[in-house]
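These notes concern the structure reproduced below.
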Protein chains: 2
Amino acid sequence: MTVTIYDVAREAKVSMATVSRVVNGNPNVKPATRDRVNEVIKRLNYRPNAVARGLASKKTTTVGVIIPDISNVYYSELARGLEDIATMYKYQTIISNSDNDAQKEQEIFNNLLSKQVDGIIFLGGTLSKETTNIIKTSSVPVVVSGTHDLDASLPAVNIDYVNASKEITEKFVQDGVKKFAFVGGGYSEKAQIDILEGMKSVLSANNIKLDDASIYIGQEQYLDGEKAYEAIKSQNPEVIMCISDEQAIGIVHAVQDDGKDIPNELQVISFNNTRLVKMVRPKLSSVMQPLYDIGAVGMRLLTKYMNDEQIEESKVTLPYSIVYRGTTK
Amino acid sequence: MTVTIYDVAREAKVSMATVSRVVNGNPNVKPATRDRVNEVIKRLNYRPNAVARGLASKKTTTVGVIIPDISNVYYSELARGLEDIATMYKYQTIISNSDNDAQKEQEIFNNLLSKQVDGIIFLGGTLSKETTNIIKTSSVPVVVSGTHDLDASLPAVNIDYVNASKEITEKFVQDGVKKFAFVGGGYSEKAQIDILEGMKSVLSANNIKLDDASIYIGQEQYLDGEKAYEAIKSQNPEVIMCISDEQAIGIVHAVQDDGKDIPNELQVISFNNTRLVKMVRPKLSSVMQPLYDIGAVGMRLLTKYMNDEQIEESKVTLPYSIVYRGTTK
DNA sequence: GTGAAAGCGCTAACAC
DNA sequence: GTGTTAGCGCTTTCAC
């Protein structure tokens with residue numbers, strides 16, 4: 001029924017080995033033979049069985065992707081970048097949603113290993129200690145994109161959130177801002193830690209306090225923005241620094257509904273830089289980060305590991321820039 | 001190095017066949033033997049090789065997903081629904097972006113077949129004639145979610161765009177609207193055809209003309225919304241019906257920048273119902289469609305085909321509702 | 001209830 | 001350049 005390499009060999013009057021050579025582009029085949037084999041392949045509509053090939057060669061040209069939630073704009077942008085590079089290097093991607101749940105992560109990881117993927121890329125979210133440990137004992141290469149493991153020992157690609165946060169905070173301090181607030185939550189525990197670290201270092205250097213009542217940790221969602229504002233408004237912040245764009249947009253609307261003017265009475269800035277930033281009025285000030293590239297570079301790094309290429313640097317830090325749009329003065 | 005079924009068999013003093021039975025939950029194993037085997041599996045940390053299993057059993061528990069663009073909010077929502085159901089039925093998903101390009105679709109399709117996927121789900125976009133033909137000759141089941149093939153012969157899940165369009169158009173006609181405009185483009189050729197069909201049937205029944213100058217076909221993107229408005233504003237439409245939310249939001253902002261009041265001077269309604277609809281002010285009126293479910297139901301349908309379950313209906317039409325929010329009167 | 005053995009479709013030595 | 005052969009790790013008859 002299905003055409004196998006054996007059928008092709010018989011029909012072309014060569015051995016399976018020769019057919020295999022032709023299919024795999026091995027140069028040690030006489031052009032005439034090659035042509036004959038190719039003709040038969042076409043005529044019989046032969047399609048190599050990747051599963052059999054995977055079993056024999058121990059390479060599946062498949063990589064696993066563990067992602068918190070593909071329907072989240074931020075992550076789907078990373079996924080697109082990663083997938084494009086994978087395709088470029090002839091890999092297919094098995095994508096699974098973890099909801100940033102440590103147990104699901106581990107199940108997915110084991111499934112991927114059992115499918116004999118050549119490599120795994122872990123996106124965003126937070127890497128739990130257990131997951132990190134399992135990863136470290138595995139023999140397939142793993143790259144982390146858009147987050148770190150807790151002790152930053154795995155190959156990873158990121159932007160420098162600490163610095164971005166410092167830069168922004170300094171700018172506001174120089175503008176005379178005294179009351180800061182921070183809004184985080186969702187999958188971005190690592191970003192949260194970094195951004196708070198940046199804020200706190202600058203603020204304490206300037207003797208400005210960031211008390212707990214001005215920190216809100218919720219969900220990275222639009223509707224949660226309202227809750228966030230509700231939670232911190234009594235502190236009368238002059239600036240709200242928010243990880244997620246979607247949440248920030250929720251805040252902007254909640255503030256406006258509260259009758260306050262943005263940016264004159266309250267400024268908002270976010271760190272995600274999804275396409276959403278331009279879809280609000282006023283446009284959202286944000287840290288521009290190359291989402292697509294974070295995914296793409298992560299996958300490129302993974303291909304290097306999978307092909308045993310020389311790795312200069314297992315940690316890649318991509319540049320960011322800060323764009324002050326309408327929600328800041 | 002890697003532990004195989006043979007290692008487990010030797011260690012547990014049984015044959016490979018018995019280990020295989022235990023792993024696959026075959027009941028014909030004495031409980032005592034089962035326990036012993038399970039103990040060894042655990043001790044040796046044995047993990048079945050899915051590739052070998054796939055080769056032997058001709059089932060890979062993997063399904064292929066062909067999607068126009070995973071970074072598009074609309075499609076990533078479908079993808080999430082589909083993936084959840086796949087996980088529930090123990091399938092993994094290989095996801096590839098086609099950019100709605102017929103040639104890429106076919107390449108992806110062939111790659112998936114070569115990987116011996118148990119089924120394929122085709123999302124959104126437009127199915128070209130060639131792709132449709134290839135699909136029809138393939139032996140793996142294929143389900144189409146969020147679009148139809150041109151002669152609607154493949155199993156598919158959709159909402160009834162024609163009716164939704166009629167309903168909306170009738171409402172506006174009753175409100176006395178005389179000048180309609182339509183904005184489409186991007187991946188949604190099928191939706192476009194259906195929506196225009198619905199509009200035209202109602203309009204012609206009411207002797208209202210929809211001339212070509214009031215139809216704009218562009219890209220499903222925010223920035224394209226401005227272009228769309230630029231292109232049709234000279235026609236002074238009272239209502240713009242737009243497939244994509246993102247594009248519709250672009251239109252809303254372009255209209256506002258033009259100094260016109262929404263909804264009093266111009267009304268806008270869209271058909272995608274992504275999360276974006278609530279993230280603009282005024283909130284976007286739109287056709288509510290169950291994106292997550294379109295993906296989920298599609299995958300459920302596919303599992304039925306893969307498991308040779310009874311199929312009552314190969315075409316599923318999911319309900320929609322029309323929500324008039326702030327961009328309509 | 002359990003084992004032996006034949007494949008699944010391919011790659012990768014190795015020989016010629 | 002090309003063919004032979006032995007696996008890759010598992011499932012699946014078929015015996016017993």
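Proteins get letters first, then strands, A, B, ... in listed order; numbering begins at 1 in each. This structure is a prediction, so every number in the text was calculated from the model and none was measured.
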Worksheet entry | Sugar-phosphate only, base, or nothing, as touched by Val51(B) at under 4.0 Å among non-hydrogen atoms | nothing

Discussion item. Output one letter per nucleotide in nucleotides 11-16 of chain D: B when a protein non-hydrogen atom lies under 4.0 Å from the base, S when only the sugar-phosphate is that close, - when neither is.
Written reply: BB----

Discussion item. Could you check whether Ser96(A) and Lys104(A), counting side-chain N and O atoms only, form a donor-acceptor pair closer than 3.5 Å?
Written reply: no

Worksheet item: Hey, is the side chain of Ser15(B) poking within less than 4.0 Å of OP1 or OP2 on dT2(C), counting only N and O atoms?
Response: no

Worksheet item: Leu55(B) CG to dG7(D) C1': how many Å, rounded?
Response: 12 Å

Worksheet item: Side chains of Glu105(A) and Thr131(A): do they bring a donor and an acceptor to under 3.5 Å?
Response: yes

Worksheet, complete the sentence: Asn26(B) atom CG is separated from dG3(C) atom P, nearest whole Å, by 13 Å

Worksheet item: For Glu130(B), does the CD atom sit with more than 12 other heavy atoms under 6.0 Å from it, leaving out its own atoms?
Response: yes

Worksheet item: Do Asn110(B) and Arg47(A) have side-chain N/O donor and acceptor atoms under 3.5 Å apart?
Response: yes

Worksheet item: Just checking Asn28(A): base, sugar-phosphate only, or nothing, at a heavy-atom cut-off of under 4.0 Å?
Response: base

Worksheet item: How close or far is atom C1' of dC8(D) from atom CG of Asn49(A), stated in whole angstroms?
Response: 13 Å

Worksheet, complete the sentence: To the nearest angstrom, the NZ-C1' distance between Lys115(A) and dC8(D) comes to 18 Å

Worksheet item: Which listed nucleotide (dC8(D), dG3(C), dC10(D)) is nearest to the side chain of Lys58(A)?
Response: dC8(D)

Worksheet item: Got a sec, which residues hit side-chain hydrogen bond (donor to acceptor under 3.5 Å, both in side chains) with Thr147(A), two or more places apart in sequence or on another chain?
Response: none

Fill in: Under 4.0 angstrom between Thr18(A) side-chain N/O and dG1(D) OP1 or OP2
no

Worksheet item: Any donor-acceptor pair under 3.5 Å linking the side chain of Asn97(A) with the backbone of Asp99(A)?
Response: no

Worksheet item: Is the backbone of Gln116(A) close enough, under 3.5 Å, to the side chain of Thr60(A) for a donor and an acceptor to pair up by distance?
Response: yes

Worksheet item: Roughly, in whole Å, what's the span from OH in Tyr6(A) to P in dC10(C)?
Response: 13 Å

Worksheet entry | Between dG1(D) (C1') and Asp35(A) (CG): distance, integer Å | 15 Å

